[in-house]
Amino acid sequence: MLPLKLIQEQPEWVIERLKIKNFDANDLIPKIISLDNQRKSIQQQLDELLAELNRISKEIGQLYQQGKTGEANRAKERTTELKDQSRLLKEQHTRLENDLQTHLIQLPNIPDESVPPGHSAEENQEVRTGGIIPDSISGLLPHWELAKQYQLIDFDLGSKLTGAGFPVYQQQGAHLQRALINFFLDEGIRAGYREIQPPIVVNEDSAFATGQLPDKEGQMYHLDVDDLYLIPTAEVPVTNIFRNEILMADQLPVKYIAYTPCFRREAGSWGSHVRGLNRLHQFDKVEIVQVRHPDNSYQGLDEMVNYVESLVKKLELPYRIMRLCGGDLSFTSALTYDFEVYSAGQGRWLEVSSVSNFEDFQANRLKLRFKEQNEKRTKLAHTLNGSALALPRIVAALLENFQTQDGINLPEALKPYTGFDRIIS
RNA sequence: GGAGAGGUGGCCGAGUGGUUGAAGGCGCACGCCUGGAAAGCGUGUAUUCCGGGUGAACUGGAAUCGAGGGUUCGAAUCCCUCUCUCUCCGCCA
């Protein structure tokens with residue numbers, strides 16, 4: 001949610017900047033400004049009325065204490081009209097506030113200056129690449145074949161238990177999952193992140209605060225009886241830790257890392273290119289979240305990008321880092337870098353991480369503020385997050401890139417975690 | 001799941017209809033005191049919204065005592081709904 005103040009003060013600039021995201025705010029911005037102005041004016045009237053009522057009430061109290069019952073009763077009569085008026089204004093006020101809110105949450109975040117214009121992933125900018133793409137030897141298998149051959153993942157069994165998109169990992173496949181989770185967490189802790197294990201179901205307030213509701217309701221699994229949602233990412237519970245919080249500036253930056261399963265309905269997004277591990281309803285992910293001072297949030301973003309890069313390097317995977325163009329940028333993000341690893345068996349790039357700075361957009365909705373040491377007023381903090389990393393596609397890339405005729409090798413960094421050097425049948 | 005108790009400011013804790021945004025204490029900040037420190041004394045110490053003021057200091061008003069409604073001229077205090085916590089019993093990994 002964009003801060004109202006910004007919209008009031010620089011409406012033209014906001015409209016202009018949102019064009020980068022291919023968002024037309026020409027109708028929305030004037031509407032919001034008008035609603036806000038109406039709200040202010042109503043509130044002024046209401047405040048004056050309430051002030052008058054408060055004054056009279058005090059007076060009545062004093063009159064009663066002095067035993068002047070007659071005068072007190074006369075004063076009471078004066079309040080009835082004021083009360084009716086205030087009730088009316090109050091109704092108007094809440095209506096305007098709700099109306100304002102519903103319009104306000106339709107505005108996406110303003111993209112950072114460095115975000116290139118564009119409509120699709122085609123126009124994303126390659127920032128840098130690393131690793132070596134294996135020579136296209138014929139006969140490289142996709143991971144779903146390898147998973148079957150080495151009995152690492154049973155997709156059909158998952159279908160039996162739950163449905164498509166819920167694979168069963170087994171034996172060395174299951175072990176590899178566990179190894180990756182531990183590897184990612186340990187690396188994160190060494191990099192200064194604090195590990196937490198949040199709940200993987202959240203309430204409506206949390207889902208709203210991070211923007212899953214009301215728009216992406218269909219993307220989440222909902223537990224009807226208890227009105228709770230399965231999290232689509234650890235970002236939801238972890239970021240909500242800070243909902244309605246005021247931090248001290250010297251507490252910043254805050255850095256959290258969390259492993260959770262993630263659940264996504266992915267309604268209507270199935271097709272031939274989502275075979276195997278490419279897109280699942282349930283998957284594991286380690287997420288990093290930072291809360292930062294606005295002055296250095298982009299420093300934090302760079303730090304996170306470098307950190308994620310260190311992970312894919314240690315996993316010896318060929319990768320590229322993309323700066324997302326306006327059209328590909330998420331609703332809440334100001335600047336996002338995607339990490340893609342090359343999956344040799346499929347001959348395509350797979351997105352394994354998305355690292356974003358939300359600036360104060362998310363904080364505004366969360367009411368996450370901080371206070372400078374000697375200042376009274378609070379300011380919105382900046383929030384950032386990134387996957388570090390999402391497991392399934394990493395597993396896919398590892399299997400495909402490290403496959404040999406008689407087994408699948410592992411990157412050195414992982415061997416202490418798996419306890420085996422290579423996967424064999 | 002059954003029964004009971006309770007949610008007040010950073011923390012503890014008073015407060016059952018009238019200058020109570022809220023006593024008192026602790027903590028914290030600043031000042032005085034001191035050679036320095038402790039103790040002591042003094043002052044200050046929530047958030048949001050609207051307005052005045054230079055987007056500072058300061059200042060006027062409104063709202064907030066778990067959340068939302070209601071009664072009343074007036075509610076932290078009374079009523080209703082929801083929610084969370086604690087205790088006992090039951091069940092259970």
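Letters A, B, ... mirror the listed sequences (proteins, then strands); counts begin at 1.
- To the nearest angstrom, P of B/U48 lies 12 Å from CG of A/N364.
- In this structure, A/R78 reaches neither bases nor backbone, as no heavy-atom distance under 4.0 Å exists between it and the strands shown.
- Contact check, A/T378 against B/U47: no side-chain N or O comes under 4.0 Å of OP1 or OP2.
- Base pairing annotation: B/U85 forms a Watson-Crick or G-U wobble pair with B/A5, both donor-acceptor distances under 3.5 Å.
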Can you give the donor-acceptor pairs under 3.5 Å from side chains of residues 245-262 of chain A to other protein atoms, not counting sequence neighbours?
residue	atom	partner	partner atom	Å
A/D250	OD2	A/Q373	NE2	3.2
A/Q251	OE1	A/M248	N	2.6
A/K255	NZ	A/E303	OE2	2.8
A/Y259	OH	A/D284	OD1	2.7

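- For A/R365, the salt bridge (Lys or Arg N to Asp or Glu O under 4.0 Å) criterion is met by no residue, not counting sequence neighbours.
- Annotation: ring-ring contact (aromatic ring centres under 6.0 Å, His included) contacts involving residues 296-316 of chain A, sequence neighbours excluded, comprise A/Y193-A/Y307.
- With sequence neighbours excluded, the residues satisfying salt bridge (Lys or Arg N to Asp or Glu O under 4.0 Å) with A/E287 are A/K285.
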Kindly list each side-chain donor-acceptor pair under 3.5 angstrom involving residues 194-208 of chain A, sequence neighbours excluded, with atom names and distances?
residue	atom	partner	partner atom	Å
A/N203	OD1	A/D205	N	3.3
A/N203	OD1	A/S206	N	3.0
A/N203	OD1	A/S206	OG	3.2
A/S206	OG	A/R243	NH2	2.9

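- Distance noted for atom P between B/G27 and B/A22: 23 Å (whole Å).
- Counting heavy-atom neighbours within 6.0 Å of A/E81 CD, excluding the residue itself, gives a total of 12 or less.
- In this structure, A/Q101 atom CD and B/C49 atom P are separated by 13 Å, rounded to whole Å.
- In this entry B/G53 has no Watson-Crick or G-U wobble partner, no candidate having both defining distances under 3.5 Å.
- Rounded to whole angstrom, the span from the CD atom of A/E372 across to the C1' atom of B/A56 amounts to 15 Å.
- Across all strands shown, B/A14 has no partner, as no Watson-Crick or G-U wobble contact with both distances under 3.5 Å is found.
- B/U43: Watson-Crick or G-U partner is B/A29, with both key distances under 3.5 Å.
- The nearest whole Å value for the distance from the CD atom in A/Q44 to the C1' atom in B/G52 is 11 Å.
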Under 4.0 Å protein heavy-atom contact, by nucleotide of nucleotides 59-86 of chain B - B base, S sugar-phosphate only
--BSS---------BS------------
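- Taking the C1' atom of each, B/C84 and B/G74 are spaced 30 Å apart, rounded to whole Å.
- For B/G66 and B/G6, the P atoms lie 14 Å apart once the distance is rounded to whole Å.
- As judged by a 4.0 angstrom heavy-atom cut-off over every strand, A/K5 is placed among the base-contacting residues.
- B/A39 and B/A75 are spaced 43 Å apart, taking the C1' atom of each and rounding to whole Å.
- Separation of the P atoms belonging to B/G9 and B/A46 is 13 Å when rounded to the nearest angstrom.
- A 3.5 Å limit on both hydrogen-bonding distances identifies no Watson-Crick or G-U partner for B/U20.
- Remark: C1' of B/C50 and CG of A/L4 are 13 Å apart, rounded to the nearest angstrom.
- Here the nucleotide nearest the side chain of A/K371, chosen from B/G51, B/U47, B/G55, is B/U47.
- Judged by Watson-Crick or G-U wobble contacts below 3.5 Å, the nucleotide B/G36 has no partner.
- Across all strands shown, A/E245 has no heavy atoms under 4.0 Å from either base or sugar-phosphate atoms.
- What separates CG of A/L380 from P of B/U47 is a distance of 14 Å, to the nearest Å.
- The same atom, C1', is picked in B/G69 and in B/A57; the two are 41 Å apart, to the nearest Å.
- Between A/R377 atom CZ and B/C50 atom P there is a gap of 13 Å when expressed in whole angstrom units.
- We find that CG of A/N244 is positioned 13 Å from P of B/G10, with the value rounded to whole Å.
- Using atom P as the reference point in both B/G18 and B/U77, the two lie 12 Å apart (nearest Å).
- In plain terms, the two heavy atoms of A/M220 and A/L213 that are nearest each other are CE-CD2, 3.9 Å.
- Nearest-nucleotide assignment on RNA chain B puts the 5′-proximal partner with A/K376, out of A/K40 and A/K376.
- You'll find the side chain of A/D154 reaches within 4.5 Å of the side chain of A/D156, heavy atoms only.
- Taking the six-membered ring where the residue is Trp, the centroids of A/H281 and A/F263 are separated by 6.0 Å or more.
- For the P atoms, the distance linking B/U16 with B/G21 amounts to 16 Å, nearest Å.
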